[in-house]
Amino acid sequence: MKKSLLYPRVTATRRVVSLDGFWRFKFDPSSEGLEKGWAAGLPEALSVPVPSSFADLFTDKESREYCGDFWYETDFFVPGEWAGREILIRFGSATHRARVFVNGTEVTSHVGGFLPFNAVVTDVVKMNTTNRLSLLMNNELSQTMIPCGATATLGDGRKMAQPYFDFFNYSGIQRPVKLMALPKESITDYTTVYRLGEDGKAFVDYTVSTNGEHDVCISLIDADGKTVAQACGKEGTLTVEKPVLWEVRNAYLYTIVIRIMDGEAVFDEYCDRIGIRTFEIVDGSFHLNGHPVYLKGFGRHEDADIRGRGLDLPTLKRDFELMKWIGANSFRTSHYPYAEEVYYMADEEGFLIIDEVPAVGMFESLMNAVDAAGGSQDKPKWFEKETTPELLVHHKECVREMISRDKNHPSVIAWSLLNEPETTYDAATRYFEQVFDYARELDPQKRPRTFAIIGNSTPDICKCQQLCDFISLNRYFGWYFLNGFMLPTAEMAFRREMEGWDKVRNGRPVIFTEFGADTSAQLHKLPSVMWSQEYQDEYLEMNFRVFDSFDFVKGEQVWNFADFQTGEGIIRMNGNKKGIFSRDRQPKDAAYVFRKRWTELPVDYKG
Ligand code: GCB
């Protein structure tokens with residue numbers, strides 16, 4: 001049960017209680033809490049909301065920038081009628097490391113801040129009374145976990161996070177926490193794979209895992225509540241005679257009901273919503289249900305004022321409304337898997353997701369993004385370090401958790417396995433091969449794999465691009481390179497590089513996973529200067545001209561959906577300003593440029 005990543009659902013046999021709300025909280029800069037018994041009770045605690053990042057809740061800089069150990073604590077009640085069931089606590093995420101205690105006893109631990117995990121607490125909880133849940137957490141960055149970074153100890157002894165990535169190191173319990181009661185014999189996982197028959201039928205090949213011997217039965221129910229297919233057995237095929245397919249921006253969802261049966265008795269029941277669709281690359285194009293689709297959309301962040309990266313349903317709703325308004329159909333979960341609620345909304349709204357594992361910051365010269373443009377090439381090679389084997393273990397574990405969690409979402413069409421790593425030497429190739437092979441092995445749907453390629457990994461020197469099923473480029477011609485008055489020369493250099501990609505792409509599609517220009521939502525200037533809204537528009541028009549003149553470009557995801565928080569630094573003015581929307585989700589001028597383009601481009605553009 002510990003490893004089951006099924007989304008928590010109340011069914012005939014399952015109970016779920018939210019533990020969200022105000023929790024007790026305490027920083028532990030000297031890492032003394034464990035010794036002092038804080039796992040059994042937190043002295044002089046503060047109060048913070050869950051889910052939320054803690055950084056922007058307070059008014060002092062020490063709290064915002066805090067790096068080290070910290071504690072969360074709450075009490076929860078276990079109903080007496082749950083006796084005899086398996087009892088779990090399910091964390092949507094805990095950033096970046098957590099040790100979990102119930103009534104003072106350690107029940108589990110987890111490393112990695114963006115994926116869920118369970119604590120099985122059946123044997124440590126007291127029934128029909130209050131129990132104590134405590135977490136000892138840590139948000140230090142290192143080179144052996146993703147996202148990568150360092151933790152500095154300053155002259156005055158304080159610790160400071162040094163991300164090798166360009167977003168704030170938001171931490172805490174940022175996603176929902178649930179108390180769950182499951183039957184002892186229960187469903188632990190399921191997978192679906194889709195085939196479309198020539199006779200208009202659809203076939204759903206499924207597998208179900210349980211922790212017991214009894215057989216399972218599956219039903220598929222349409223949006224009107226009608227059962228359209230049934231099958232029994234832990235592996236099998238559901239045949240849907242007249243399927244309604246899940247289409248881009250026109251989603252149709254079925255409910256899959258899985259039951260462990262013993263005669264008429266139902267031991268366990270799990271329900272989820274799935275969409276019937278195929279996704280593949282055919283003749284250099286993305287095909288959804290056999291039809292070409294051009295990707296229009298964003299690299300995004302889970303980021304908003306005050307709550308930081310904490311799941312916030314109103315912000316999530318607003319983001320999807322803005323993406324619909326602007327004519328987008330896709331996004332990348334840059335640079336980490338998002339909260340599960342994001343994928344369920346994408347399933348419902350018909351958005352296509354490139355799901356990214358938190359493998360970012362694998363390039364020491366990108367330290368805190370400060371030397372991003374220049375790149376200090378004299379740094380040691382990232383994939384030849386002593387720390388690389390340990391990093392690979394953690395990276396693969398995150399890939400496993402991400403694919404296990406997200407594999408059944410119709411919205412998820414591809415895996416992005418790294419963002420902007422080094423790619424120009426053989427050790428990188430060997431590292432990449434292991435991650436790419438592992439993803440292929442784990443994904444029942446064999447979705448295309450990619451990684452976001454940094455600007456200085458050009459087609460002539462990149463030694464890893466050949467592993468991608470499609471090529472994803474992060475390119476900043478006209479912003480980090482040849483910017484401002486040099487924009488026309490940026491266009492020439494950009495075109496030359498694209499000709500280079502055409503030579504090595506071997507029939508594969510190319511998309512842009514990043515392009516963008518920092519822009520102040522307040523600044524207008526005629527003629528334009530960099531940072532003005534006029535320059536953002538000119539920059540975009542140049543990029544569009546390049547995209548439109550290469551038929552093998554099959555998608556554009558601009559960086560970024562909205563302005564977002566980063567660490568302090570000389571190239572960031574209170575965050576990254578490449579948003580097409582401001583951080584409070586209002587349009588910059590560029591939003592209207594995109595809206596015009598994307599609402600006019602046909603879905604099968606260049607198909
Ligand atoms: C990149 C990174 C992204 C940064 C962006 C920028 O290439 O992938 O995390 O935020 O550039 O704006 O510099």
Side-chain angles (χ1 to χ4, degrees), residues 114 141 146-149 161-170 297-303 309 331-338 354-376 382 416-423 450-458 462 464-465 471-483 490 494 497 511-521 530-531 535-536 539-540 543 556-583 588 590:
F114 301 94
L141 298 171
I146 53 177
C148 301
Q162 291 186 319
Y164 294 177
F165 48 85
D166 183 36
F167 51 91
F168 194 85
N169 185 36
Y170 280 122
F298 299 97
R300 294 177 54 205
H301 264 296
E302 290 186 307
D303 173 276
R309 224 175 290 305
F331 58 92
R332 175 172 61 124
T333 68
S334 42
H335 293 305
Y336 37 80
Y338 291 176
I354 300 175
D355 205 2
E356 186 159 278
V357 77
V360 56
M362 296 175 142
F363 203 136
E364 210 162 346
S365 70
L366 282 183
M367 198 175 290
N368 219 2
V370 168
D371 54 354
S376 2
W382 183 266
S416 170
L417 300 172
L418 311 93
N419 180 70
E420 298 200 338
E422 288 178 342
T423 65
T450 193
F451 72 95
I453 303 181
I454 191 166
N456 54 15
S457 285
T458 46
C462 181
C464 299
Q465 57 80 16
I471 295 171
S472 301
L473 301 178
N474 291 0
R475 288 297 177 273
Y476 289 94
F477 288 98
W479 185 253
Y480 290 123
F481 312 102
L482 299 169
N483 43 32
F494 197 176
E497 190 187 326
I511 67 164
F512 287 89
T513 33
E514 287 184 27
F515 59 103
D518 283 275
T519 304
S520 156
M530 292 174 70
W531 294 83
Y535 187 73
Q536 191 176 31
Y539 166 92
L540 291 171
N543 276 264
E556 54 197 57
Q557 295 187 331
V558 64
W559 192 255
N560 188 282
F561 171 73
D563 292 349
F564 61 91
Q565 193 68 58
T566 65
E568 296 176 286
I570 51 168
I571 65 164
R572 296 287 175 254
M573 195 186 68
N574 186 25
N576 186 309
K577 304 292 183 208
K578 295 193 185 69
I580 301 309
F581 297 95
S582 58
R583 201 180 187 210
K588 296 185 189 169

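Order of listing sets the numbers, starting from 1, for every ligand and every atom in it.
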Seminar exercise, completed: Any heavy atom of Y480 under 4.0 Å from ligand 1? The part involved is side chain
For this session: Only one of Y539, W531, F515 passes ring pair (Phe, Tyr, Trp, His ring centres under 6.0 Å) with W479; say which it is.
Result: W531
Exercise. How long is the gap from CZ on F581 to CZ on F564, to the nearest 0.5 Å?
Worked result: 15.5 Å
Exercise. Between the side chains of D166 and N576, does any donor sit under 3.5 Å from an acceptor?
Worked result: yes
Exercise. Quick one: CZ on F512 to CG on L473, what's the gap to the nearest 0.5 Å?
Worked result: 5.0 Å
Exercise. Should you measure from each heavy atom of N576, which atoms of ligand 1 turn up under 4.0 Å away?
Worked result: 6 (C), 10 (O), 12 (O)
For this session: Give a yes-or-no answer on whether the side chains of N474 and T513 include a donor-acceptor pair shorter than 3.5 Å.
Result: yes
Exercise. Which ligand 1 atoms are under 4.0 Å away from a heavy-atom of F564?
Worked result: 10 (O)
Problem set entry | Under 4.0 Å to a heavy atom of R572 - the qualifying atoms of ligand 1, by number | 6 (C), 12 (O), 13 (O)
Exercise. Non-hydrogen atoms of F165 versus ligand 1: any pair closer than 4.0 Å?
Worked result: no
For this session: Would you mind running through ligand 1 and noting each atom that sits below 4.0 Å from a heavy atom of N419?
Result: 8 (O)
Exercise. Does the side chain of T423 come under 3.5 Å of the side chain of S457 through a donor N or O and an acceptor N or O?
Worked result: yes
Exercise. Can you tell me if Y476 has a non-hydrogen atom under 4.0 Å from ligand 1?
Worked result: yes
